[in-house]
Amino acid sequence: MVKVTLMDGSVREYAAGTTLFEAAKALSQKLGREVCVALVDGEICDLRMPLEKDCAVEFVTFDQPVGKKAFWHTCSHVLAQAVKRLYPQAKLTIGPAIESGFYYDIDVETPFMQEDLDKIETEMQRIVKDNEPIERFTLPRAEALALAKKMEEPYKVILIEELPEGEEISFYKQGEFTDLCAGPHLMSTGALKAIKLIQITGAYWKGDAANKMLQRVYGIAFPKTEQLDDYIKLIEEAKRRDHRKLGRELDLYDIYDEGPGFPFFFPKGMVLRTELETFWRAEHKKAGYDEIRTPLILNEELWHRSGHWDKYKENMYFTKIDDENYALKPMNCPGGILAYKRHIVSYRDLPQRVAEMGVVHRHELSGALHGLMRVRCFTQDDAHIYMVPEQIPAEILGVIDLIDKIYQVFGFKYRVELSTRPANFIGEIETWNLAERKLEDALISRKIAYTINPGDGAFYGPKIDFHLVDSIGRTWQCGTLQLDFQMPERFDMVYIGADGEKHRPVMIHRTVFGSMERFIGILTEHFAGAFPTWLSPVQVMVIPITDKQHDYALSLTKELSDAGFRAECDARSEKMGLKIREAQLQKIPYMLVIGDKEIESGCVSVRSRSEGDLGAMPVADFSAKLKKEIASKYFELK
RNA sequence: GCUGUUGUAGCUCAGUAGGCAGAGCACAUCCUUGGUAAGGAUGAGGUCGUGCGUUCGAAUCGCAUCAACAGCUCCA
């Protein structure tokens with residue numbers, strides 16, 4: 001007998017060899033939901049695994065991330081099976097479950113069209129209907145290779161060859177279809193009730209642009225059709241939040257054919273930018289930063305010295321002035337370093353925290369451009385911190401804390417990645433290891449959950465990246481913190497120590513917003529255009545009911561503007577209903593309706609975006625309310 | 001940059017057996033002065049992304065090019 005401890009702490013006994021599925025079945029009434037896979041002593045297992053020794057078991061349903069993965073991974077196999085039935089010549093590569101849904105990369109002669117997708121989907125539904133049981137079996141490496149060769153799946157052969165020697169290799173089989181796979185999977189294909197193939201795109205084999213481009217079919221699936229309908233609704237809702245759409249509708253910003261990747265900001269968009277900058281300056285002043293500004297164009301020779309010529313030339317724009325070669329800066333650091341070197345610096349002056357709203361130009365690949373999120377000219381809220389080595393830990397923590405504090409003002413959740421030494425690094429490996437350790441120590445001491453992104457550091461140093469999430473779940477790197485021992489070396493930066501000798505400082509490159517453009521894009525989607533009052537381009541719309549109240553409304557608007565609020569008056573000869581509708585669509589926080597009643601009483605009828613109709617109140621009370629609201633979101637941090 | 005899709009009025013989109021370019025919103029003028037999400041009438045606005053080609057004739061077919069969208073790659 002085997003003793004099994006369940007999640008609720010209860011212990012049950014089963015005959016050795018009983019499968020997890022049989023155990024789950026016995027418990028199914030208690031669980032009340034269909035089980036996808038199980039966690040046995042923390043390891044994800046198929047339900048077909050037999051119980052062999054005492055263990056702790058947690059049955060996982062589709063509602064849990066692990067359950068979703070197993071469910072969707074089974075979908076990948078069904079997709080592959082359907083493709084092989086319809087296109088026997090197709091060669092399979094890999095097909096994992098992803099954040100939401102699944103895909104399979106397939107090598108086919110002619111790219112799939114929408115009609116192919118429909119056909120594949122129909123075939124998948126047939127496989128689901130047949131409710132094929134899924135079997136797992138393992139083979140020694142040599143036999144696994146022979147099987148893959150027999151199946152004429154060259155990519156699978158490569159995948160098996162890359163697996164470590166000596167281990168048994170697992171396969172999963174459903175009906176006539178067998179695939180190399182580590183699992184876990186569902187017991188059978190029947191549970192995949194609602195499947196939808198979303199789209200078809202190209203993707204490189206092994207993610208390398210030098211390799212062959214494969215066809216990637218994306219799909220999503222749920223145990224119930226209602227869940228699929230909800231998912232589709234969610235995606236449509238998210239598209240309504242797209243910052244490119246809202247940027248036009250709210251008259252904030254746009255990008256035209258005449259300047260791909262070079263955004264225009266209109267007056268209302270500039271209000272956002274300016275407010276963000278004002279906030280940013282206030283926070284940086286408190287955190288002990290000074291601010292500088294360095295040139296957009298600098299001599300090409302500087303970029304040779306910095307290493308950008310060697311490592312970053314492809315992304316740079318060049319120009320010629322009086323027969324001399326110049327470059328538009330893709331980064332702010334070399335300019336900042338020149339500013340550092342204008343004095344002999346004493347250790348007493350360190351750390352120096354020097355911020356710069358730096359406008360940079362980068363020649364991004366045309367296919368990478370994406371609204372404000374990925375552009376070719378952007379303003380980094382950059383800063384460089386120069387310090388003596390002993391100051392590294394405290395300065396890293398200072399930056400992490402500042403970023404956290406600022407993100408919290410907007411209510412952002414974020415993900416943290418530690419990006420390590422890339423292939424094209426400069427400097428010594430030991431220095432890199434030291435820098436990576438310093439960054440990791442800081443994350444650990446702040447108990448911040450992070451993932452490691454190997455090889456993704458800047459060419460001059462490892463970095464901590466802060467990722468924010470857009471409306472459809474894509475994440476964008478915004479804040480970054482890079483620890484750099486290389487640039488100080490290259491630029492022969494020094495400070496004079498207590499011993500009177502020259503020493504090498506260390507530097508941190510960092511941003512909080514990342515870029516004003518990307519941050520504004522994220523912000524637009526995060527708030528769906530309904531920015532908090534302190535950021536709203538128009539905070540108050542004054543709406544006179546008829547032309548008779550225009551003069552009064554205009555003077556009230558001026559009064560509010562003079563008090564420092566962004567107030568506008570809709571003095572068109574339109575019906576009030578229309579003015580309210582439009583103010584609502586523009587997501588303006590407050591509407592003040594002015595009719596004869598209001599003029600007589602000296603009150604305003606207030607309609608709030610978030611609180612609805614607030615009724616009549618004296619103008620002074622409204623001003624006080626607005627002032628308090630703006631202050632609570634922003635100035636409380638001072 | 002790669003794969004696929006798309007490009008018609010400021011915006012959202014109709015418009016093929018190739019035969020005189022359409023709608024709604026927005027805009028202008030006039031009427032309407034209305035109490036919490038669209039009052040009415042009239043009008044103006046486009047060489048159909050660009051170029052070349054096929055054709056008696058091209059928004060429509062072909063080629064090239066530019067841009068956008070989705071994904072890959074890359075990145076703040």
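The model shown is predicted, which means the values in this text are computed figures rather than measured ones. Naming: A, B, ... by sequence-line order, numbering from 1 per chain.
At a cut-off of 3.5 angstrom, counting only N and O atoms as typed in the model, there is a donor on one side and an acceptor on the other between the side-chain of Y204(A) and the base of G1(B). For R244(A) against C69(B), a side-chain-to-base donor-acceptor contact under 3.5 Å is absent.
Counting to the nearest Å, the P atom of U73(B) and the CH2 atom of W205(A) are 14 Å from each other. Going from atom CZ of R374(A) over to atom C1' of C72(B) covers 12 Å, rounded to whole Å.
Residues from residues 254-273 of chain A with heavy atoms under 4.0 angstrom of RNA chain B, sorted by number: D257(A), P260(A).
Relative ring orientation between Y155(A) and W205(A) is described as perpendicular, the plane-to-plane angle rising above 60° on a 0-90° scale split at 30° and 60°. Aromatic ring orientation, H243(A) versus H370(A): tilted (interplanar angle from 30° to 60°). Note: F410(A) and F519(A) have perpendicular aromatic rings, judged against thresholds of 30 and 60 degrees for the angle between ring planes. Ring geometry, F459(A) versus Y312(A): the interplanar angle falls from 30° to 60°, so the pair is classed tilted.
Counting any heavy atom pair closer than 4.0 Å across all strands shown, R248(A) reaches sugar-phosphate atoms only and no base atom. Within the 4.0 angstrom heavy-atom criterion, only backbone atoms of the sugar-phosphate kind lie near Q380(A); the bases stay farther away. Heavy atoms of Q215(A) sit under 4.0 angstrom from primed sugar atoms or phosphate atoms, though from no base atom. Across all strands shown, K579(A) has no heavy atoms under 4.0 Å from either base or sugar-phosphate atoms. Contacts of K245(A) with the nucleic acid, taken as non-hydrogen atoms under 4.0 Å apart, are absent. Using a 4.0 Å heavy-atom criterion, one finds that G202(A) contacts the bases of the nucleic acid, with or without backbone contacts as well. Contacts of R607(A) with the nucleic acid, taken as non-hydrogen atoms under 4.0 Å apart, include base atoms. Within the nucleic acid shown, D456(A) comes within 4.0 Å of sugar-phosphate atoms alone, with no base atom in reach, counting heavy atoms only. Residue contacts for F112(A): at a heavy-atom cut-off of 4.0 Å it reaches no nucleic acid atom on any strand shown. Within the nucleic acid shown, E314(A) has no heavy atom closer than 4.0 Å to any nucleic acid atom. Using a 4.0 Å heavy-atom cutoff across all strands shown, G577(A) reaches sugar-phosphate atoms only and no base atom. Using a 4.0 Å heavy-atom cutoff across all strands shown, M591(A) reaches no nucleic acid atom at all. At a threshold of 4.0 angstrom between heavy atoms, the contacts of G595(A) include nucleobase atoms, whether or not backbone atoms are also involved. Nucleic acid contact for Q584(A): base, since at least one base atom lies under 4.0 Å from a heavy atom of the residue.
For L585(A), taking side-chain heavy atoms from C-beta onward, the closest of the listed nucleotides C74(B), A76(B), A37(B) is A37(B). The S605(A) side chain lies nearest to G35(B) when the options are G35(B), G34(B), C2(B). Among the nucleotides U73(B), G35(B), A76(B), the one closest to any side-chain atom of K597(A) is G35(B).
Pairing of G34(B), defined by two Watson-Crick or G-U wobble distances under 3.5 Å, is not identified with any nucleotide. Nucleotide A17(B) forms no Watson-Crick or G-U wobble pair with any nucleotide shown, as no partner meets the under 3.5 Å limit on both distances. In this entry C2(B) has G71(B) as its Watson-Crick or G-U wobble partner, both defining distances falling under 3.5 Å.
Both Q482(A) and G367(A) lie near RNA chain B, and the one whose nearest nucleotide falls closer to the 5' end is G367(A).
By the stacking rule of 5.5 Å between ring centres and under 30° between planes, F378(A) stacks on the base of A76(B).
Nucleotides G46(B) and G22(B) are separated by 13 Å at their P atoms, to the nearest Å. Nucleotides A58(B) and U42(B) place their P atoms 35 Å apart, quoted to the nearest Å. Rounded to whole Å, the separation between the P atoms of G40(B) and C25(B) comes to 9 Å.
H363(A) has its ring centre less than 6.0 Å from the ring centre of Y317(A).
Screening residues 537-555 of chain A for salt bridge (charged side-chain N to carboxylate O under 4.0 Å, His left out) gives K548(A)-D596(A) as the qualifying pairs, with residues at least two apart or on separate chains.
Of the possible polar contacts, one joining the H550(A) side chain to the A571(A) backbone as a donor-acceptor pair under 3.5 Å is found.
For N315(A), there are no side-chain hydrogen bond (donor to acceptor under 3.5 Å, both in side chains) partners at least two apart in sequence or on another chain.
D105(A) and R216(A) are joined by a salt bridge, as a carboxylate oxygen and a charged side-chain nitrogen come within less than 4.0 angstrom of each other.
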